[in-house]
**Student:** 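I have a structure I would like to understand better, so I am pasting it below and will then ask my questions one at a time.
Counting begins at 1 with the first residue of the sequence. Computed from a prediction, not measured in an experiment: that's the story for all the values here.
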Amino acid sequence: MHVGVARIELHMAENSSLKGKRMVVKSVAQRVRNRFNVAVAEVDTQDAWQLATLGIVCVSEDPRHSNEMLSKVIDFIAAERLDAEIGAVDMELIAV
């Protein structure tokens, strides 16, 4: 079993409230879950208005599949969210 883990920072320069941030994060998380069947959660920077850190996890028997799936998720977020810019991205594959 292989677990693919991605940590993505989203920068929302025009956001001015936690309510606005919450709307963006919920939208991104729901779209990613529906399209790719992966786990998504906000894992850090909950109190920052213009920064969101998302954790995304994919479990597979093939490490290449996990890597490809996470790469597609990152590309999808970059293409779909014009109000949020992707910052730092960390990916890790763990063999269990």
Side-chain angles (χ1 to χ4, degrees):
M1 177 171 67
H2 297 275
V3 179
V5 180
R7 182 181 173 113
I8 302 171
E9 286 185 0
L10 295 178
H11 299 276
M12 298 164 280
E14 297 179 13
N15 190 30
S16 61
S17 68
L18 286 175
K19 184 177 180 179
K21 173 188 172 178
R22 195 175 326 120
M23 287 179 13
V24 171
V25 169
K26 285 180 111 176
S27 173
V28 168
Q30 192 60 43
R31 285 180 173 202
V32 168
R33 279 188 204 109
N34 289 343
R35 183 161 181 144
F36 296 101
N37 195 26
V38 295
V40 182
E42 185 176 8
V43 295
D44 199 6
T45 62
Q46 281 91 356
D47 293 333
W49 293 358
Q50 297 178 334
L51 181 65
T53 305
L54 299 179
I56 302 169
V57 179
C58 174
V59 178
S60 176
E61 65 182 31
D62 183 14
R64 278 185 290 135
H65 180 262
S66 293
N67 189 29
E68 287 175 14
M69 184 67 70
L70 292 176
S71 295
K72 287 180 182 179
V73 168
I74 293 166
D75 292 342
F76 175 77
I77 293 171
E80 291 292 314
R81 290 313 301 195
L82 301 177
D83 56 350
E85 191 175 307
I86 292 185
V89 176
D90 298 320
M91 285 186 15
E92 183 177 353
L93 296 174
I94 303 167
V96 179

**Student:** Which residue pairs satisfy the salt bridge (charged side-chain N to carboxylate O under 4.0 Å, His left out) criterion with at least one member in residues 10-22, sequence neighbours excluded?
**Tutor:**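 The answer is Lys21-Glu42.
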
**Student:** Checking side-chain contact (heavy atoms from CB on, under 4.5 Å) against Cys58, which of Lys72, His2, Met69 comes through?
**Tutor:**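 The passing option is Met69.
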
**Student:** Kindly state each residue pair satisfying side chain to side chain donor-acceptor pair (under 3.5 Å) with at least one member in residues 54-70, sequence neighbours excluded.
**Tutor:**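 Residue pairs passing side chain to side chain donor-acceptor pair (under 3.5 Å), neighbours aside: Ser60-His65.
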
**Student:** To check you understand the geometry: which heavy-atom pair defines the closest contact between Leu18 and Ala48, and what is its length?
**Tutor:** CD2-O, 4.0 Å

**Student:** So how far is it from Met91 CE to Ile8 CD1, rounded to the nearest 0.5 Å?
**Tutor:** 9.0 Å

**Student:** For Arg7, enumerate each residue passing the side chain to side chain contact (heavy atoms under 4.5 Å, CB included) test, keeping only those at least two apart in sequence or located in another chain.
**Tutor:** Val43, Asp44, Thr53, Asp90

**Student:** To check you understand the geometry: which heavy-atom pair defines the closest contact between Gly4 and Leu70, and what is its length?
**Tutor:** C-CD1, 3.4 Å

**Student:** How would you list, by chain and number, every residue that makes a salt bridge (Lys or Arg N to Asp or Glu O under 4.0 Å) with Asp75, sequence neighbours excluded?
**Tutor:**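 In terms of salt bridge (Lys or Arg N to Asp or Glu O under 4.0 Å), with neighbours along the sequence ignored, Asp75 is linked to no residue.
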
**Student:** Look up atom NE2 in His11 and atom CG in Leu51, then write down how far apart they are to the nearest 0.5 Å.
**Tutor:** 5.5 Å

**Student:** Could you name each residue pair satisfying side chain to side chain donor-acceptor pair (under 3.5 Å) that touches residues 27-41, not counting sequence neighbours?
**Tutor:**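 Matches after skipping sequence neighbours: Ser27-Arg81, Gln30-Asn34, Arg31-Glu80.
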
**Student:** For the residue pair Pro63 and Leu93, what are the closest heavy atoms and their distance?
**Tutor:** O-CD1, 3.8 Å

**Student:** Does Asn15 offer a backbone N or O that forms a donor-acceptor pair with the side chain of Gln50 under 3.5 Å?
**Tutor:** yes

**Student:** Verify the cluster assignment for Val25 and Val89: are they in a single hydrophobic cluster under the rule of side-chain heavy atoms below 4.5 Å apart?
**Tutor:**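 Same cluster: Val25 reaches Val89 through Ile, Leu, Val, Met, Phe, Trp or Tyr contacts under 4.5 Å.
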
**Student:** With a cutoff of under 4.5 Å between side-chain heavy atoms, which Ile, Leu, Val, Met, Phe, Trp and Tyr residues group with Val57?
**Tutor:**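 In the cluster with Val57 are Met1, Val3, Val5, Val59, Ile94, Val96.
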
**Student:** Quick test of your reading: applying ring-ring contact (aromatic ring centres under 6.0 Å, His included), list the pairs with at least one residue in residues 28-56, sequence neighbours left out, ordered by first then second residue.
**Tutor:**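 For residues 28-56, and leaving out neighbouring residues, the ring-ring contact (aromatic ring centres under 6.0 Å, His included) pairs sorted by first residue read Phe36-Phe76.
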
**Student:** Are Val24 and Ile86 joined in one hydrophobic group, where the rule is that I, L, V, M, F, W and Y side chains link up if heavy atoms are under 4.5 Å apart?
**Tutor:**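 The answer is yes; both residues are in one hydrophobic cluster.
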
**Student:** Quick check: do Ile77 and Leu10 have side-chain heavy atoms less than 4.5 Å from each other?
**Tutor:** yes

